[in-house]
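Input: a single structure, listed below in structure tokens.
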Amino acid sequence: MKNHDISPHPHHAYMVECATEAARVARGVTAEQLALPTHCGDWDVRALVNHWVLYTSHGLEHRALRKPLPEELTKRDFTADPDWADAYAAQLDRAVTAWADPSLWEGDIDLGMGPLPAVDLAGMIIKETAVHGWDVAAATGRPFHISDAAAHFVLTVVETHAELYRQYDGFADPVPVPADTPVFDRALASSGRDPKLGVRQERAERPRQR
């Protein structure tokens, strides 16, 4: 039985925050927007969402359980379910709850390409949740907001693993930004994304033009 008096790993709060914002953004995506283009290569919103849902919710839980993703999940079109956003939110909750056990952040996780420290892998999935959450938000005309503390964490993960991601075409070259750029925008720029493509809060508060 788990000892619920044990505090979660310090990074767990960032996982909770990024998952909460990801669920909010997902619930705002309409069926019509799934065919929109994104700035993630040749992916449309549907392809981007399917990747996002697979790795940041199902993948997150399976990493906690130290189990590989079933092939059935890797081939599923999650957006074929009209209630996919609610299902994504529920799966995020399950995954985040699993990682509340601090012991899961210890040791290594083997993804089939060699072991990786669990704390590093969890951080990379938190980064994926936030960065791809921003990708979806930017493609569908919405803002994506996380705290400066969470943004600093995402920036650290991006900068730590940037060359590995670029080796596998996960990141483009860094986008130059001014030194006073907000922290999350710096993380996006370091991952090869242009933060100017996103929607600012002041824009989001105005009525959208149709």
- Message: One pair to check against side-chain contact (heavy atoms from CB on, under 4.5 Å): D77 and W84. What are the steps and the verdict?
- Response: CA-CA 10 Å; D77 177 5; W84 69 265; over 6 Å; no
- Hey, mind stepping through Y88 and T56 against side-chain contact (heavy atoms from CB on, under 4.5 Å) and telling me if it holds? CA-CA 9 Å; Y88 176 45; T56 68; 2.8 Å; yes
- Task: Could you please spell out the steps behind the side-chain contact (heavy atoms from CB on, under 4.5 Å) verdict for L60 and M15?
- Result: CA-CA 10 Å; L60 184 61; M15 182 181 287; 3.7 Å; yes
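The heavy-atom pair separating L92 from A19 by the smallest distance is CD1-O, 3.5 Å. Scanning all heavy atoms of the two residues, the minimum distance from A64 to A98 falls at CB-CB, 3.9 Å. Pairing each heavy atom of T129 with each of A22, the nearest pair is CG2-CB, 3.7 Å. The heavy-atom pair separating E106 from R66 by the smallest distance is O-NH2, 3.1 Å. The two residues G28 and Q33 have their closest heavy-atom pair at O-OE1, 3.7 Å. Closest non-hydrogen pair, I146 versus A130, comes out as CD1-CB, 4.4 Å.
Using a 4.5 Å cut-off between side-chain heavy atoms of Ile, Leu, Val, Met, Phe, Trp and Tyr, with links allowed through other members, L69 and M124 fall into the same hydrophobic cluster. The same ILVMFWY cluster, assembled from side-chain heavy atoms under 4.5 Å apart, contains both W134 and W43. Transitive grouping of hydrophobic side chains (ILVMFWY, heavy atoms separated by less than 4.5 Å) keeps V175 and F144 in distinct clusters. Placement of V119 and I126 within a single hydrophobic cluster is found when ILVMFWY residues are connected by side-chain heavy-atom separations under 4.5 Å, directly or transitively. Tracing side-chain contacts under 4.5 Å through hydrophobic residues (I, L, V, M, F, W, Y), one reaches F78 starting from V49; they form part of the same cluster.
To the nearest 0.5 Å, atom CG of residue L116 and atom NE2 of residue H161 are 6.5 Å apart. Atoms CG and CG, from L121 and D108 in turn, are 10.0 Å apart once rounded to the nearest 0.5 Å. Separation of atoms CG (D93) and OG1 (T20) is listed at 7.5 Å; rounding is to 0.5 Å. Taking CD of E61 as the reference point, atom CD of Q91 lies at 4.5 Å (rounded to 0.5 Å). Here H11 contributes atom NE2 and C18 contributes atom SG; the two are 12.0 Å apart, rounded to the nearest 0.5 Å. Distance check: D194 CG to K196 NZ gives 4.0 Å after rounding to the nearest 0.5 Å.
Exactly one of L36, V29, T38, T140 qualifies for a side chain to side chain contact (heavy atoms under 4.5 Å, CB included) with L48. That residue is T38.
Between W105 and H12, the two ring planes are perpendicular [angle over 60°; tilted spans 30° to 60°].
H62 places a side-chain N or O within 3.5 Å of a backbone atom of H58 that can act as its donor or acceptor partner. Judged purely by atom type and a 3.5 angstrom limit, E17 has no side-chain atom pairing as donor or acceptor with the backbone of A150.
In the displayed structure, E72 atom CD is contacted under 6.0 Å by more than 12 heavy atoms of other residues, nucleotides or ligands.
For the pair R27 and D86, the minimum side-chain heavy-atom distance is below 4.5 Å.
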